[in-house]
Amino acid sequence: MGIEKAILVGVNTDRTDQDFNESMNELYALAETAGAEPVLNLVQNMEKVHPATYIGKGKLQELTAASEEFEPELIIFNSELSPSQNRNLSEELNARVIDRTQLILDIFAQRARSKEGKLQVQLAQLEYMLPRLGGQGVELSRLGGGIGTRGPGETKLETDRRHIRREIREIKKKLDQVVRHRSIYRERRKQNQAFQIALIGYTNAGKSTLFNLLTHADSFEENQLFATLDPLSRKCILPSGFETIMTDTVGFIKDLPTSLIASFRSTLEEVKEADFLMHIVDASHPNHAEHEKTVRKLLNELEMDQIPRMTVYNKEDLLSSEFVADRSDPFVLMSAAKKESKKVLSELEKEVKQILKPYSMTVSSDDGKVLAQLKKESMLLNLSFIEEKEHYLAEGYISTDHPLASKI
């Protein structure tokens, strides 16, 4: 499918100009990520949005004229439209009308790779469409007709509420199975005593680049919003040789509709299981402080703010002298472009040690099982053989809930 021309429309009700402009810039980036070419930004300042048409009467006439001039395939609104607003606008305008939520869903539909990711997107799309069935015309009675309408597998959708409700039930059943499978894997990882680190951050902050650098993996890495949708886990070895499991996760975004947070909850459940969080921030972004706040707020809402974490300020090479780090968490400044993985890993190790329990224990030379466990499942910093006693002295750090920790 070729690139679709789009007009972007936003109403500023009570935000500061900076916040509103940032939100419109984000909409522009989302549209580009979905494969659209924004040709015009149309904005209006109002105390509250128009209940019937979102924008005022005069602005709607301006939009109609602009639509005739630019002939876009798509008109994208920066807030979630009510079913009636969508219907009224669709009748007035000669292009497909979608809102920010549909745009994000569309990107999710393009990006989802795993079975769970695809099911999550389908579920969110169906739940979004259900109240909007009447009046969307033939255009949205099927998925697969351009940005805002496509879905995994280009599934045709009859405009029949019963049919959609049945599909929603089916998908929920399938998702339950997938989530159960994943929890079995997670249990297995827990039994293997793997120390788990999750990368979190605002979308497009550079998580996947850093993930690939620290784990030598090949996660999808591109300068686009929501490039990663499915959680990907890889082994990450700290300087001491301590093996951890690192997981790359979906990016957080401001004003993410609650329906989307709910449908991607199981993607973020990987984060809930983590022993440690690395919060990646694009330090060169003019609004990085606001992005950090958004991530912290979402962590709080998802009840994940009690997990120990550190901040990694990426793109240090692009920073101006005015940059000030938020010191509420431990942090490190680095540049993924300069491949500064050692710097991050040594800081990470320092923080991981704070969570683990230091130990010093003697191990009989014929107790190979315990030695192997310490090598694989603890941060073993020193292992020396005491000849006259014929045992090893092992020193390092271990997880407090490790079975061996009680013997130390």
Side-chain angles (χ1 to χ4, degrees), residues 22 25-26 29 32-33 111 195-253 271 274-296 308-355 379 381:
E22 156 99 3
N25 290 342
E26 210 160 71
E32 281 195 324
T33 297
R111 290 276 176 265
F195 187 90
Q196 294 177 55
I197 298 164
L199 296 191
I200 56 160
Y202 206 76
T203 187
N204 212 22
K207 291 189 302 301
S208 297
T209 311
L210 192 69
F211 178 74
N212 292 341
L213 188 63
L214 300 179
T215 64
H216 310 294
D218 54 356
S219 171
F220 183 74
E221 180 188 321
E222 206 174 307
N223 186 22
Q224 285 191 323
L225 299 183
F226 299 118
T228 306
L229 202 61
D230 298 316
L232 186 63
S233 297
R234 291 274 184 279
K235 192 187 292 182
C236 171
I237 298 171
L238 300 185
S240 61
F242 184 47
E243 277 186 16
T244 67
I245 300 279
M246 190 169 273
T247 300
D248 189 11
T249 61
V250 63
F252 292 57
I253 193 167
V271 180
D275 299 293
F276 193 80
L277 304 181
M278 279 174 81
H279 177 185
I280 318 304
V281 177
D282 173 356
S284 69
H285 195 287
N287 221 355
H288 69 85
E290 192 56 40
H291 291 178
E292 285 182 71
K293 267 191 214 144
T294 298
V295 171
R296 290 201 178 106
R309 61 177 183 245
M310 73 181 260
T311 306
V312 177
Y313 287 108
N314 188 16
K315 307 192 187 177
E316 184 186 11
D317 48 321
L318 305 176
L319 287 192
S320 63
S321 53
E322 293 96 75
F323 176 79
V324 180
D326 182 318
R327 293 171 182 270
S328 51
D329 291 329
F331 68 91
V332 60
L333 278 156
M334 62 85 66
S335 163
K338 288 186 177 173
K339 309 252 187 285
E340 293 180 334
S341 55
K342 283 196 178 85
K343 190 177 183 181
V344 179
L345 290 171
S346 56
E347 281 301 316
L348 176 59
E349 180 156 285
K350 214 188 288 179
E351 293 307 321
V352 167
K353 279 180 184 171
Q354 307 286 329
I355 307 166
M379 191 186 287
L381 300 180

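All figures in this text were calculated on a predicted structure; none of them were measured in a lab.
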Distance-only donor-acceptor check, side chains Q196 and D275, under 3.5 Å: no
Polar side chain donor-acceptor pair, E292 to T311, under 3.5 angstrom: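 Looking only at side-chain atoms, T311 and E292 do not form any donor-acceptor pair under 3.5 Å.
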Is there side-chain contact between [X] and [Y], with at least one heavy-atom pair below 4.5 Å?
X	Y	value
K207	D248	yes
R234	F211	yes
E290	E22	no
P330	Q354	no
F252	I200	yes

For the residue pair [X] and [Y], what are the closest heavy atoms and their distance?
X	Y	value
L381	S240	CD2-CB, 3.6 Å
A274	A198	CB-CB, 3.8 Å
R309	F276	C-CZ, 3.7 Å
A336	N314	N-OD1, 3.0 Å
G201	H279	CA-CD2, 4.0 Å

If you measure from [atom1] on [X] to [atom2] on [Y], what distance do you get to the nearest 0.5 Å?
X	Y	atom1	atom2	result
D317	S284	CG	OG	8.0 Å
E349	F242	CD	CZ	9.0 Å
L348	K350	CG	NZ	11.5 Å
E351	L277	CD	CG	12.5 Å
L345	L238	CG	CG	6.0 Å
K315	I280	NZ	CD1	12.0 Å

Applying side chain to side chain contact (heavy atoms under 4.5 Å, CB included), name anything that partners [X], two or more places apart in sequence or on another chain.
X	result
K235	I237, E243
A283	Y313, L319, F323
E340	E316, M334, S335, K338, K343

Trace of the side chain to side chain contact (heavy atoms under 4.5 Å, CB included) decision for L333 with E347: CA-CA 10 Å; L333 278 156; E347 281 301 316; over 6 Å; no
Residues L213, K339; criterion side chain to side chain contact (heavy atoms under 4.5 Å, CB included); working and verdict: CA-CA 7 Å; L213 188 63; K339 309 252 187 285; 3.6 Å; yes
Trace of the side chain to side chain contact (heavy atoms under 4.5 Å, CB included) decision for M278 with L214: CA-CA 12 Å; M278 279 174 81; L214 300 179; 4.0 Å; yes
D282 vs Y202, side chain to side chain contact (heavy atoms under 4.5 Å, CB included): CA-CA, chis, key distance, verdict: CA-CA 8 Å; D282 173 356; Y202 206 76; over 6 Å; no
